[in-house]
Amino acid sequence: MMNPDSPEILMAQPRGFCAGVDRAINIVNEALTRFGAPIYVRHEIVHNAYVVNELREKGAVFVDELHEVPKGGIVVFSAHGVSQEVRRDAQSRGLQVYDATCPLVTKVHLEVVKMSKDGFTILMIGHAGHPEVEGTMGQVEAGLHLIEKVSDVEKLPFTQSEKMAFVTQTTLSVDETKEIIEALTIKFPSIVQPRKQDICYATQNRQDAVKFMAPQVEVVIVVGSQASSNSNRLRELAEKLGVSAYMVDAPEQLQAEWFAGKKRVGLTAGASAPESLAQSIVAKIQSFGPRSIRNLEGVVEDVTFSLPKNLAD
Ligand code: SF4
């Protein structure tokens with residue numbers, strides 16, 4: 001029988017790939033299979049260094065801007081989505097586009113367009129400089145006003161008579177966003193909210209899983225790359241719950257002293273981190289000293305998204 005005091009790694013459920021990331025990677029792979037290399041990808045297809053390097057080895061070429069793609073080239077837009085200006089630019093350059101924008105990001109884009117048509121001044125809750133935020137804010141000519149924290153709400157130069165609405169980035173902290181929304185509804189009691197919250201199911205489920213896991217462990221490892229918004233939120237959440245947390249995207253980044261004397265280690269992975277990477281990180285933790293693995297209970301996701309029409313045939 002297992003000794004209840006023997007060291008363990010508790011695995012969060014769910015963790016790792018979401019349906020939008022899975023679809024985005026499939027789109028690049030499918031384009032490589034059908035058309036051969038090079039397939040250009042605007043921005044990292046998903047924010048994970050391991051995934052990007054694997055696709056690069058197969059012939060994907062990652063670019064920051066479309067002028068780096070030769071005329072007539074094949075380009076994939078990343079899961080984070082793009083502005084209307086980027087779409088127009090691709091068209092004027094004669095590029096063949098395959099769009100890996102997550103359908104849940106597209107849902108937010110459509111909300112923005114509708115709110116704009118209905119005459120609303122639109123706020124976006126999100127992080128400056130994140131590609132999803134740039135894409136969503138670029139859906140309408142008038143642009144959106146960015147709110148990053150509660151204190152930004154006070155500074156908004158609008159009165160209660162203004163028709164106001166808001167949308168959010170899909171990968172935010174559920175709790176922090178709730179605080180910002182509360183501040184917004186106090187300042188603008190008639191502000192219009194999205195019909196269904198914009199924070200996606202995968203972000204919500206991974207944060208709920210960390211809330212369940214954190215009280216049971218002494219340290220949390222988040223598998224995720226620095227640029228990954230949802231992975232950063234998982235690390236912050238574990239820290240807020242009083243547990244030391246580290247985010248890594250390669251086994252070599254782990255340090256033996258993080259685990260010294262710790263009976264229970266929790267492991268989760270952001271929505272862009274593959275399970276194979278999570279497993280190599282588990283193996284590295286076990287190399288510091290024997291630990292059994294326990295899979296925690298949690299939501300079992302069955303969401304899938306189909307390929308875009310121009311790749312689905
Ligand atoms: S984290 Fe959410 S919004 Fe982002 S790709 Fe995954 S399912 Fe889509």
Side-chain angles (χ1 to χ4, degrees), residues 12-30 41-52 55 62 76-83 98-112 124-127 129-139 166-177 194-210 222-237 247 249 268-275 277-278 298-308 311:
Q13 168 66 30
R15 61 178 182 274
F17 275 8
C18 61
V21 163
D22 212 29
R23 173 178 179 268
I25 296 168
N26 284 343
I27 289 172
V28 179
N29 277 322
E30 186 63 25
V41 183
R42 185 185 179 277
H43 197 77
E44 292 188 340
I45 183 76
V46 299
H47 281 152
N48 187 272
Y50 182 91
V51 170
V52 166
L55 291 173
F62 292 88
V76 177
F77 291 155
S78 79
H80 313 98
V82 296
S83 66
Y98 294 96
D99 188 0
T101 303
C102 176
L104 300 181
V105 173
T106 302
K107 169 190 144 287
V108 182
H109 290 181
L110 297 174
E111 276 163 9
V112 165
M124 171 153 205
I125 306 172
H127 296 290
H130 190 280
E132 182 188 326
V133 171
E134 287 173 0
T136 302
M137 292 183 67
Q139 292 307 306
F166 72 84
V167 292
T168 79
Q169 193 178 334
T170 55
T171 51
L172 298 178
S173 151
V174 175
D175 297 333
E176 276 172 31
T177 307
R195 265 190 298 134
K196 193 170 169 288
Q197 73 154 5
D198 295 329
I199 293 179
C200 75
Y201 79 96
T203 301
Q204 173 86 55
N205 288 346
R206 280 152 192 69
Q207 288 178 20
D208 288 348
V210 166
V222 179
V223 184
S225 292
Q226 284 303 323
S228 163
S229 170
N230 80 89
S231 305
N232 276 293
R233 304 297 81 80
L234 295 177
R235 183 186 48 75
E236 286 168 7
L237 177 59
M247 196 169 72
D249 65 358
T268 184
S272 47
E275 182 61 14
L277 178 59
V299 173
V300 177
E301 295 172 341
D302 59 359
V303 181
T304 53
F305 296 131
S306 49
L307 292 179
L311 262 190

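Heavy-atom basis, side chains included; hydrogens, waters and symmetry copies ignored. In listed order, ligands and their atoms are each counted from 1.
- Side-chain atoms of Asp99 and Thr101 form a donor-acceptor pair, as typed in the model, at a separation below 3.5 Å.
- If you number the atoms of ligand 1 from 1 as listed, the ones under 4.0 Å from a heavy atom of Thr170 come out as 3 (S).
- Contact atoms of ligand 1 toward Cys102: 3 (S), 5 (S), 7 (S), 8 (Fe) (distance under 4.0 Å to a heavy atom of the residue).
- Atom 6 (Fe) of ligand 1 has an N, O or S atom of Cys18 closer than 2.8 Å.
- Minimum heavy-atom separation, Val223 to Ala273: O-CB, 3.4 Å.
- Comment: Glu275 engages Arg15 in a salt bridge, judged by a side-chain N to carboxylate O separation of less than 4.0 angstrom.
- With Thr268 contributing its side chain and Ala12 its backbone, the two residues share no donor-acceptor pair below 3.5 Å.
- With respect to atom 2 (Fe) of ligand 1, the closest heavy atom belonging to the protein is Cys200 SG, 2.3 Å.
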